[in-house]
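Remarks on the structure that follows.
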Amino acid sequence: MKLVEYANRHGKPEGRPYFSTDGVQSVTGGEWEKLRAKFTCPVGVTNVWRCPQVGGSERIQGERNGMKYKFSSLHGSQKPLSLIEIIIRACTDKGDVVWEPFGGLCPGAVVCKQSGRAYRAAEIVPEFFRAAMKRMGE
Ligand SMILES: C[S@@+](CC[C@H](N)C(=O)[O-])C[C@H]1O[C@@H](n2cnc3c(N)ncnc32)[C@H](O)[C@@H]1O
């Protein structure tokens, strides 16, 4: 709040308003707070996050049409839900909307559904998209 007030008061005259969403009106301190990225790490969580690779029932099995080689895992880069959960809990609050543009098996959407966030995801490969929908129960 202090930063936005300071910037709007002391920003270059030709560049004012310094903080604006429409290029005309300065944002208020309250609006600025809403625009800021959230990041709250739980006590004990550092900036190095380790978790085991996906395995067991979490690892989604299946085949993809057109693949030269057969793998039992459907997606070669499926991320662990426990890892994605740290990110989503650190950066969002309940009720926020999370955008997962390169969804794969959409772990972000899964975590959002489990933790009270709204979600939007995209995935271009039909097999991955269908598996993600099934995983979500949708
Ligand atoms: C690294 S993978 C994501 C893996 C995902 N985090 C998971 O755990 O399953 C990136 C995904 O982006 C998808 N992708 C690539 N280009 C895309 C596009 N233009 N629109 C939507 N999805 C796209 C790929 O098919 C791939 O599944």
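The figures here come from the full heavy-atom set of this structure, side chains too, leaving out hydrogens, waters and symmetry mates. In each ligand, atom 1 is the first atom listed, and ligand 1 is the first ligand listed.
Comment: Lys38 engages Asp96 in a salt bridge, judged by a side-chain N to carboxylate O separation of less than 4.0 angstrom.
Transitive grouping of hydrophobic side chains (ILVMFWY, heavy atoms separated by less than 4.5 Å) brings Ile86 and Leu81 into a common cluster.
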Protein N/O near ligand 1 N/O, under 3.5 Å, which pairs?
| residue | atom | partner | partner atom | Å |
| --- | --- | --- | --- | --- |
| ligand 1 | 8 (O) | Lys79 | N | 2.7 |
| ligand 1 | 9 (O) | Leu105 | N | 2.8 |
| ligand 1 | 22 (N) | Ile124 | N | 3.2 |
| ligand 1 | 25 (O) | Glu123 | OE2 | 2.7 |
| ligand 1 | 27 (O) | His75 | NE2 | 2.8 |
| ligand 1 | 27 (O) | Glu123 | OE1 | 2.8 |
| ligand 1 | 27 (O) | Glu123 | OE2 | 3.4 |

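Here side-chain hydrogen bond (donor to acceptor under 3.5 Å, both in side chains) pairs that include residues 100-114, with residues two or more places apart or in two chains, number zero. Evaluation of the ring-ring contact (aromatic ring centres under 6.0 Å, His included) test over residues 34-56, restricted to residues two or more places apart or in two chains, returns none.
In this structure Phe128 satisfies the ring-ring contact (aromatic ring centres under 6.0 Å, His included) test together with His75, sequence neighbours excluded.
Between Ser26 and Ser20 there is no side-chain heavy-atom pair separated by less than 4.5 Å.
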